[in-house]
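Accompanying notes for the structure given below.
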Amino acid sequence: MRSRRTPRCPGCWLPSALCLCAELPRLAVRTRVVVAMHRREAVTSSNTGRIAARVLDGASVRVRGLARDREIDPEPLPLGRRLVLFPAA
């Protein structure tokens with residue numbers, strides 16, 4: 001059972017004792033990468049989107065589903081061509 005009291009790294013979200021941030025390579029890419037994740041996924045240590053964003057230069061993470069009030073708009077995704085990578089058949 002996971003404890004909410006376990007101190008976690010703010011970068012990779014793994015428990016501080018298992019932090020990978022110092023070991024992650026940095027990769028220069030020509031494509032802008034924006035990882036869009038649901039608010040529930042953002043707090044799990046098993047998400048690879050957060051780690052991918054730390055590896056790719058210029059990548060960012062946008063957490064969706066935080067605002068319960070529909071009048072509050074989350075930060076918009078960038079304009080332009082969008083491609084979705086989703087691990088499913």
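Residue numbers count from 1 along this sequence. From a predicted model like this one, the values you see are computed outputs, not experimental measurements.
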Item to complete: Verify, without hydrogens or angle tests, whether S16 (side chain) and P7 (backbone) share a donor-acceptor contact under 3.5 angstrom.
Response: yes
Discussion item. Which heavy atom of T6 sits nearest to which heavy atom of P15, and what is that distance?
Written reply: CG2-CB, 3.9 Å
Fill in: Closest non-hydrogen atom pair, I51 against L20
CD1-CD1, 4.2 Å
Practice prompt. Output the distance between atom CG (L56) and atom CZ (R32), rounded to the nearest 0.5 Å.
Written response: 13.0 Å
Practice prompt. Please check if L18 and L24 belong to a single hydrophobic cluster, counting links between Ile, Leu, Val, Met, Phe, Trp and Tyr side chain heavy atoms closer than 4.5 Å.
Written response: no
Practice prompt. Taking all non-hydrogen atoms of both residues into account, name the closest pair between C21 and C9 and its distance.
Written response: SG-SG, 3.5 Å
Response to the item:
Closest non-hydrogen atoms of P10 and R50, given as atom of the first, atom of the second and distance, are O-NH1, 4.3 Å
Worksheet entry | Side chain to side chain, V34 and S60, heavy atoms closer than 4.5 Å | yes
Worksheet item: At their closest point, which heavy atom of V61 faces which heavy atom of A53, and how far apart are they?
Response: CG2-CB, 3.5 Å
Worksheet entry | Any residue meeting side chain to side chain contact (heavy atoms under 4.5 Å, CB included) with L79, in chain and number order, not counting sequence neighbours | R82
